[in-house]
S.K.: 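Quick one: structure below, then a few questions.
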Amino acid sequence: MKVARFHAPGDIRVEDAPEPQAGPGELKIRVRNCSTCGTDAKIFKYGHHHIRPPRVMGHEIAGEVVGTGERVQVIAAIPCGACQDCVRGRMTVCPNQESMGYHYDGGFAEYMVVPAKVQAVGGVNRIPDGVGFAEASVAEPLACVLNGQQLARVGPGDDVVVMGAGPIGCLHVRLARARGAARVALVDVNADRLAMAAKLVEPDAVIDADPVEAVLELTGGRGADVVITAAASGAAQEQALRMAARQGRISFFGGLPKDDPIISCDSNLVHYRELTIVGANGSSPAHNAEALALIASGAVPVADLITHRLPLDGVLDAIDLVSRGAAIKVTIEP
Ligand SMILES: [Zn+2]
Ligand SMILES: [Zn+2]
């Protein structure tokens, strides 16, 4: 079979590999869609400390179980299910977490094996009728977005600002609407990408410069109830703190570069305005199931966000599209 394997930074090869065989408790899957995200572009460029090459990449996985033909979506982050955090329901911060496409071969392949520990934590979801494989593959990033908005308590009547108009930003806009947000503004410094995203998700306001001033103006000086930074930008995080309303919640959804993670924060803003700053680290199996249900019910449409479909041979083109910000969602169809 054909696979796309990471060998070293800058070196991903589409090559032949033996078809994997499922052992006890494992599931063999014919991958139908595995979508790409910013993380894949980052791995291609820099590698990742959890990836020991060669490794089949791809963690936004949907396919058919070989033998039964059941249509399934697979989680990316695998919690252990047994540690204190897992037992207390905090699976996104399990210290023993492993990931598909990192510790285990992922979905940029015709076939893959789902480890037993994925099934043990309920990490294989049946795809509801009427939901395509490509849409189902987007359940994983939507699950991460759902985790972020739960932690930031996005709810009815909120004015929400999403900073970063990539695929994650688009999902944040859609989910905020589904959760009853009053108004959603979308911010990006890249005007082309912002225009492309805005055409699809139709935010109430589109901001490409001076976001703090723009948000304060939009909200009559009050600020936004929730600000979500979906960009690897310390400047965006600092701006987010300054555009939050009293009792506002700020989600540092996107991480910062490892070598440049320090920002400045006026602690008195947080103190007097009773701000809440939250992080977000992936998603739990339950988030994946809920995300799939949100897609199936039509509450969060994702089909139109899939702007590019490429065969496995096109995986480097897909990563290039993602890293240039020239696409919303790029999916691989092995
Ligand atoms: Zn991803
Ligand atoms: Zn755990």
Side-chain angles (χ1 to χ4, degrees), residues 4 6 12 31 33-48 50-51 55-63 73-109 112 115-123 133-148 164 166-172 175 230-232 253-255 280-288 291-292 295 302 305-308 310 315 318-319 321-323 325 327-332:
F6 173 87
I12 292 175
V31 181
N33 279 91
C34 187
S35 295
T36 58
C37 78
T39 310
D40 295 311
K42 228 190 296 180
I43 293 168
F44 175 60
K45 238 172 138 180
Y46 306 110
H48 192 282
H50 282 144
I51 296 184
R55 173 66 70 214
V56 178
M57 288 173 58
H59 58 270
E60 302 184 359
I61 303 160
Q73 179 264 344
V74 182
I75 59 170
I78 315 161
C80 75
C83 71
Q84 272 219 41
D85 286 304
C86 281
V87 168
R88 298 176 75 184
R90 303 169 184 166
M91 287 190 164
T92 55
V93 290
C94 169
N96 310 315
Q97 191 179 90
E98 295 186 318
S99 297
M100 298 303 297
Y102 295 68
H103 303 81
Y104 304 96
D105 280 341
F108 292 159
M112 61 172 281
K117 62 183 295 185
V118 170
Q119 291 207 78
V121 293
F133 289 113
E135 290 169 86
S137 72
V138 181
E140 192 277 330
L142 180 59
C144 301
V145 164
L146 178 61
N147 177 42
I168 290 290
C170 288
L171 290 173
H172 271 299
L175 181 65
F253 186 87
N281 183 55
S283 59
S284 70
H287 289 125
N288 277 255
L292 201 49
I295 293 169
V302 298
L305 302 182
I306 301 161
T307 52
H308 296 71
L310 297 175
V315 71
I319 288 172
L321 280 165
V322 170
S323 47
I328 301 293
K329 205 69 190 162
V330 186
T331 192
I332 299 294

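Whatever order the structure lists them in is the order used to number ligands and atoms, beginning at 1. Computed from a predicted structure; not experimentally measured.
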S.K.: Look at the N, O or S atoms of C37, main chain and side chain alike, and state whether any lies under 2.8 Å from the Zn ion (ligand 1).
M.R.: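 For C37, the answer is yes, given that an N, O or S atom comes within less than 2.8 Å of the Zn ion (ligand 1).
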
S.K.: Take the angle between the ring planes of Y102 and H48 and call it parallel below 30°, perpendicular above 60°, tilted in between.
M.R.: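 Y102 and H48: perpendicular rings.
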
S.K.: Side chain of R55, backbone of H103: donor and acceptor closer than 3.5 Å?
M.R.: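 Checked: pair present.
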
S.K.: Pick from I43, D105, T39: which one makes a side-chain contact (heavy atoms from CB on, under 4.5 Å) with M57?
M.R.: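 That would be I43; it is the only one of I43, D105, T39 passing the side-chain contact (heavy atoms from CB on, under 4.5 Å) with M57.
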
S.K.: Does V56 reach the side chain of M112, with side-chain heavy atoms less than 4.5 Å apart?
M.R.: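 Result no, sub-4.5 Å side-chain heavy-atom pair not found.
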
S.K.: Between S284 and N147, do the side chains contain an N or O donor and an N or O acceptor separated by less than 3.5 Å?
M.R.: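 S284 vs N147: no donor-acceptor pair found between side chains.
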
S.K.: State whether the side chain of T307 and the backbone N or O of I328 hold a donor-acceptor pair below 3.5 Å, judged by distance alone.
M.R.: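 Between the backbone of I328 and the side chain of T307 there is a qualifying donor-acceptor contact (under 3.5 Å).
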
S.K.: Measure up the H172 and F253 rings against each other and bin them: parallel (under 30°), tilted (30 to 60°), perpendicular (over 60°).
M.R.: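 Judged by the thresholds at 30° and 60°, the geometry between H172 and F253 is perpendicular.
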
S.K.: Within less than 2.8 Å of the Zn ion (ligand 1), any N, O or S from E60?
M.R.: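 Yes - counting backbone and side chain alike, E60 has an N, O or S atom under 2.8 Å.
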
S.K.: Close to the Zn ion (ligand 2), meaning under 2.8 Å, how many protein N, O or S atoms are there?
M.R.: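 Count of protein N, O, S atoms less than 2.8 Å from the Zn ion (ligand 2): 4.
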
